[in-house]
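Here's the structure we're looking at; comments come further down.
Chain A is the first sequence line, chain B the second, and so forth, proteins listed ahead of strands; every chain is numbered from 1.
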Amino acid sequence: MLDIAFIRQNPDLVQAAVTNKRQELSVSDLLAVDKERREGIASIDAKRARKNQLAALVPKASKEERPALIEEAKAVRTELEALEPKMTELQKRFDDMMLRVPSLPRPEVPIGKGEEDNVELRKVGTPRTFSFTPKDHVDLVTGLGLANWDGPRKFAGGRSYALTGMGAILEMAVTRLAIDMLVERGLTPVIPPVIVRERALVGTGFFPLGREEAYAIPADDLYLVGTSEVALVSLHADDILDPASLPIRYCGMSPCFRREAGASGKDTKGLYRVHQFTKVEQVVFCVPDEEVAEKEHYTLLGNAEAILAKLEIPYRVAIACTGEIGLGQTRKHEVESWMPGRNAYAETHSCSTLGDFQARRSNIRFRKEDGTLAFPFTLNNTAIASPRILIPLLENHQNEDGSVTLPKALVPYMNGVEVLRPKA
RNA sequence: GGAGGAGUGGCCGAGUGGUCUAAGGCAGCGGUUUUGAAAACCGCCGUAUCGCAAGGUACCGGGAGUUCGAAUCUCUCCUCCUCCGCCA
């Protein structure tokens with residue numbers, strides 16, 4: 001969501017953002033509705049003013065004058081009752097359109113349509129050359145007994161799995177490693193609710209466009225979140241933050257639920273694309289200053305890179321093009337980890353700045369030094385998402401006999417286990 | 001799940017149908033006074049929206065209704081509190 005005043009003044013900029021982000025919205029239609037809405041407000045307000053005026057006159061009027069006043073007041077009310085539903089309808093149309101207005105991409109974001117237009121910025125670490133044919137993670141996981149594939153698919157459906165034995169410990173280890181690193185860097189750990197009201201999803205920008213991606217609980221009118229970002233941002237919905245509290249930096253850990261609608265047939269095997277996973281997510285609220293936000297953005301990106309470095313996983317960083325960034329994002333970097341089983345880099349982290357997009361929708365404000373209210377900026381980035389991260393972790397550190405030598409940093413979190421060995 | 005109670009501005013709190021701008025207090029800001037501070041006194045002190053402005057409109061947890069007129073009456077939802085039941 002953007003400021004309607006900004007949209008009025010810069011319709012071309014906004015329409016360009018719509019086009020570049022491959023969204024669908026006519027800014028001129030939006031402005032037409034806005035104009036009609038404002039005219040409606042003016043005429044309704046005038047009638048309400050008259051209504052209030054008459055209501056004040058009635059008790060002061062003499063017995064003789066009173067019936068005429070009440071009669072006029074009734075007439076005004078009838079007129080209002082005719083106008084108000086139209087106004088409500090108009091306002092709803094306006095609100096719906098406003099929810100589809102994208103934020104403006106930052107100048108450094110390349111204009112493009114799809115993944116192929118993302119721009120690689122750097123590669124860090126060198127993919128290992130194997131003296132044997134490396135196994136993919138499905139074979140490794142199966143050989144090491146880290147997951148049960150078949151059981152869950154029978155009772156929970158496709159894209160489900162159960163981490164078992166050291167597989168379960170491994171997920172706890174990588175998430176705990178990530179949390180410890182982030183706490184060390186000053187983020188506040190949070191375990192938030194994952195069952196939320198619609199307003200949290202609208203407020204963070206996942207709804208209405210991403211409605212199909214969320215699991216719904218219709219009996220209670222609730223939804224399962226696809227990321228703890230939804231809860232961490234909503235934590236401050238309707239708040240007026242103390243400027244001294246900014247920046248607020250959280251790291252949330254939660255299960256994440258995604259229907260993966262529209263991905264049918266894609267990545268159906270293994271741990272890459274699943275309906276339920278665990279993610280440690282970083283979320284920041286900061287003052288609405290592009291320089292400050294940029295600094296926070298690269299700090300979050302750096303945190304994710306530091307975690308990958310600890311796990312000794314080669315990766316590359318790319319800046320996503322306009323066609324690949326979401327409605328609210330003004331800038332997004334993707335971190336892709338090297339997955340030998342794919343012989344390719346694949347996305348494991350996503351770092352975004354959203355400007356005041358989420359703050360506007362969630363009504364999160366802070367009081368500036370001069371006493372006026374302003375919307376803060378929000379940012380977020382994956383710290384670690386498991387089990388997807390287990391793919392590069394296992395594949396990069398595998399040995400010829402199917403065992404996996406764990407990176408040193410992980411050993412303390414694995415009760416001292418240094419090597420995962422295949423079942424006999 | 002059942003029964004009861006409560007939600008008013010940054011905070012406390014008055015207000016159960018009509019003095020148009022929701023009393024009062026606290027906190028905050030500006031000023032007078034003072035060597036300085038405190039105290040005292042005076043003034044300012046919610047948000048959104050429409051308008052060039054004057055000014056208007058909306059908001060007393062959310063939504064709907066009754067009425068010429070609703071913070072106040074009715075319905076409904078949400079949140080919190082108390083008790084009962086169930087439960088990791």
Practice prompt. Please list, by residue number, the residues of residues 77-95 of chain A whose heavy atoms come closer than 4.0 Å to an atom of RNA chain B; answer none if no residue qualifies.
Written response: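 Correct list: A:R77.
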If we call it a pair only when both distances are under 3.5 Å in a Watson-Crick or G-U wobble match, what pairs with [N]?
N	value
B:C29	B:G43
B:A3	B:U82
B:C87	none
B:U16	none

State whether [X] places a side-chain N or O below 4.0 Å from either non-bridging phosphate oxygen (OP1 or OP2) of [N].
X	N	answer
A:R38	B:G51	yes
A:R66	B:G18	no
A:N52	B:A58	yes

Worksheet item: Does A:H333 have its ring centroid less than 6.0 Å away from the ring centroid of A:Y298?
Response: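 When the ring centroids of A:H333 and A:Y298 are compared, they turn out to be within the sub-6.0 Å range.
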Discussion item. Of the listed nucleotides (B:C78, B:A48, B:C50), which one gets closest to any side-chain atom of A:R365?
Written reply: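 Closest of the options to the side chain of A:R365: B:A48.
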Fill in: Nucleotide of B:U47, B:C50, B:A70 approaching A:K51 most closely (side-chain heavy atoms)
B:A70
Worksheet item: Between atom CD of A:E294 and atom CD of A:E108, what is the distance when rounded to the nearest 0.5 Å?
Response: 6.0 Å
Worksheet item: Once you round to the nearest 0.5 Å, how far does CG of A:L393 lie from CD of A:E171?
Response: 12.0 Å
Worksheet item: What is the nucleic acid contact for A:R199, judged by heavy atoms within less than 4.0 Å: base, sugar-phosphate only, or nothing?
Response: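 Nothing, no nucleic acid heavy atom in range.
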